[in-house]
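Chain A is the first sequence line, chain B the second, and so forth, proteins listed ahead of strands; every chain is numbered from 1. The shown structure was predicted, so the numbers you read here are calculated from the model rather than taken from an experiment.
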2 protein chains.
Amino acid sequence: MDDFHDPRQNHLLAALPGDDYARIAPYLELIPMELGEVLYESGTQMRHVYFPTDAIVSLLYVLEDGASAEIAVVGNEGIVGVSLFMGGETTPSRAVVQSAGRAYRLSGQVLKKEFDRVGGRRSGALHNLLLRYAQALLTQMAQTAVCNRHHSLDQQLCRWLLLSLDRLQVNELVMTQELIANMLGVRREGVTEAAGKLQRAGVIEYRRGHITVRDRPGLEARACECYAVVKREFDRLLPEVEEIL
Amino acid sequence: MDDFHDPRQNHLLAALPGDDYARIAPYLELIPMELGEVLYESGTQMRHVYFPTDAIVSLLYVLEDGASAEIAVVGNEGIVGVSLFMGGETTPSRAVVQSAGRAYRLSGQVLKKEFDRVGGRRSGALHNLLLRYAQALLTQMAQTAVCNRHHSLDQQLCRWLLLSLDRLQVNELVMTQELIANMLGVRREGVTEAAGKLQRAGVIEYRRGHITVRDRPGLEARACECYAVVKREFDRLLPEVEEIL
DNA sequence: CCCTATATGCGCGACAGCGAACAGACGCGG
DNA sequence: CCGCGTCTGTTCGCTGTCGCGCATATAGGG
């Protein structure tokens, strides 16, 4: 978490070949993101995509009655705003900053131009990379759907903590139980109870808005299979990321 | 439902400009599909994509313990096998025929070649069309996730019936309650009860594996918002379909 | 350093959906 | 036209989560 900041702390940007990266690099703007900030609202036209470095963004779906649920989470392994290059321009979801940090912003026009570029190689590297990322996102959403249906709040909390942890450089999350409840689409009291169990078991420790993970293997053991499936699929679809780090 | 069969009964194929369509038409094979047939298993390499005409295919996710849930449904508005052109080759889901009928099969190689084609126009029409379809699929999955979390079995059954109905030419579904329960990821008894309510209300009528919808507006009134959101998004993303029909 | 907004803990009753078990009813195939 | 396999209807207790209300603890700004 030093002050020197490089777009390539985002894995997608890091995975781009030198010349592909060089073409978009001049357009990347470093943007700080605060907890709770809304990057885009359901149905609104987006102007930019975001490549998080140390921030985490949740894709939330909000129902008419105000109830909500997280459908996917994006950290430094991904990009916020896939609908810009998929062609739809908008999505019926909301993007909210779940963990403060920074991201690189890129104008939608520049991204699209590069995405559609048909340069020396067949289709550009960015094109293939983003499509594979979109598929990984599809998997994450599918898994969320099934998990919502079949798994207990306890298991889901573990899954959620692990997903967040993977996208952070530290083992402490700044996050209230109320917010977690919003993400998971459950009652706050339910989170309190589940978190209490984990604390008593020595897996996590928390105090007013701060959760520290003490026993990651323990967390993995209590999580449902959904965490592992999603992680495996991300690793499979985006292997460049592993090679580099 | 005459015997003359045209690939263009699939809306994606119908939406392709003449010359784009002409290039892949010779490779399209008409395939009959029986109820319950598995098009591909989770994690297996796919050789073909399928463009249903009067069949309906469910994308199911099956958990380790055998529990399952439908994450999306594909009829003549779509294509089965998006991961082939997204670049992942496989997905961790299973494709099952939910309603018998026919589909046109296309070799993955031919599809990919056309998908990556950079012909006269910018990127090919197929490319844009399929990406927009993929985004619609993303929306459907997201909505399924939220629906699983927040809505009652009764509402979900209505949503599911409507989604199926939209993809059929008739108002009768050949489908047991047991199968519906598998799709929704609930107990069979739950479906029996929910269906009983609908029958008593005169909205549907059923007998051993056959469900007939009598009052579609009634069904829509009882469904959650999820149905309308998904339908609206499909119409927005794939407008060509409406223009043609 | 205190005070207040905010975060967490807990205790109800209510209820939807689960799991298992079984009875009846339909309809296809022989 | 008969029989059996399959589909549907119904029961019971159980668990997990909800919805509400309220008590208590904590941190950080004035």
Side-chain angles (χ1 to χ4, degrees), chain A residues 34-36 63 65-69 98-100 145-161 172-201 204-212 222 224, chain B residues 34-36 63 65-70 98 100 145-161 172-201 204-212 222 224:
Chain A
E34 307 172 16
L35 181 64
L63 292 172
D65 66 1
S68 67
Q98 182 202 104
S99 177
V146 180
C147 198
N148 281 350
R149 163 63 63 209
H150 290 291
H151 296 139
S152 70
L153 203 168
D154 300 276
Q155 291 178 302
Q156 290 185 46
L157 177 60
C158 292
R159 170 181 66 91
W160 189 88
L161 286 172
E172 186 187 284
L173 293 155
V174 178
M175 175 69 46
T176 69
Q177 300 185 352
E178 176 92 49
L179 281 177
I180 297 178
N182 279 162
M183 303 286 177
L184 294 179
V186 297
R187 279 183 327 148
R188 200 258 316 154
E189 292 89 328
V191 174
T192 299
E193 200 179 318
K197 284 187 208 168
L198 290 178
Q199 170 139 269
R200 265 169 264 133
I204 63 171
E205 229 170 75
Y206 63 86
R207 54 172 233 285
R208 266 184 103 73
H210 297 256
I211 303 182
T212 308
R222 284 156 205 270
C224 46
Chain B
E34 308 172 14
L35 182 62
L63 292 172
D65 67 1
S68 65
E70 183 181 85
Q98 181 202 105
V146 180
C147 197
N148 281 350
R149 163 64 64 209
H150 290 291
H151 296 139
S152 70
L153 204 167
D154 299 277
Q155 291 177 302
Q156 289 186 46
L157 176 61
C158 293
R159 170 181 65 92
W160 189 89
L161 287 171
E172 185 187 283
L173 293 156
V174 178
M175 175 69 46
T176 70
Q177 300 185 353
E178 176 92 51
L179 280 178
I180 297 179
N182 279 162
M183 303 286 177
L184 294 179
V186 298
R187 280 183 327 149
R188 199 259 315 155
E189 293 88 329
V191 174
T192 299
E193 199 178 319
K197 282 186 209 167
L198 290 178
Q199 171 141 266
R200 265 169 263 134
I204 63 172
E205 228 169 77
Y206 61 89
R207 55 172 232 286
R208 268 181 101 72
H210 297 255
I211 302 182
T212 307
R222 286 157 204 270
C224 46

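- Atom NE2 of A:H150 is separated from atom C1' of D:dT17 by 17 Å (rounded to the nearest Å).
- For the pair B:Q156 (side chain) and B:H151 (backbone), a donor-acceptor distance under 3.5 Å is present.
- The distance between atom CD of B:E178 and atom C1' of D:dG9, rounded to the nearest whole Å, is 14 Å.
- At the heavy-atom level, B:R207 lies under 4.0 Å from the strands shown only through sugar-phosphate atoms.
- For the pair B:Q155 (side chain) and B:S152 (backbone), a donor-acceptor distance under 3.5 Å is present.
- To the nearest angstrom, P of D:dT8 lies 12 Å from CG of B:L157.
- Contact of A:R188 with D:dG19 (side chain to base): no donor-acceptor pair of N or O atoms is detected under 3.5 Å.
- No salt bridge links B:R222 with B:D154; every basic N to acidic carboxylate O contact stays at or beyond 4.0 Å.
- Remark: C1' of C:dT6 and CZ of A:R208 are 5 Å apart, rounded to the nearest angstrom.
- B:G209 comes within 4.0 angstrom of the backbone, heavy atoms only, and of no base.
- The two atoms that bring A:A195 and A:L157 nearest to each other are N-CD2, 3.8 Å, heavy atoms only.
- In this structure, A:V186 and A:H210 both approach DNA chain D, and ranking their closest nucleotides by distance from the 5' end singles out A:V186.
- When each of A:E189 and A:R149 is assigned the nucleotide of DNA chain C with its nearest heavy atom, A:E189 is the one assigned upstream, toward the 5' end.
- Residue B:Y206 has a polar side-chain atom (N or O) positioned under 4.0 Å from OP1 or OP2 of D:dG9.
- As rounded to whole Å, 17 Å separates atom P of C:dA16 from atom CG of B:L184.
- Computed from coordinates, the A:N182 CG to D:dC18 C1' distance equals 15 Å when rounded to whole Å.
- As a whole-Å value, the separation of A:H151 NE2 from D:dT15 C1' is 17 Å.
- Rounding to the nearest 0.5 Å places CD of B:Q177 at 4.0 Å from OG1 of B:T192.
- Rounded to whole angstrom, the span from the CD atom of B:Q177 across to the C1' atom of C:dC26 amounts to 13 Å.
- A sub-4.0 Å separation between OP1 or OP2 of C:dC18 and a side-chain N or O of B:R187 is present.
- At the heavy-atom level, B:E193 lies nowhere under 4.0 Å from the strands shown.
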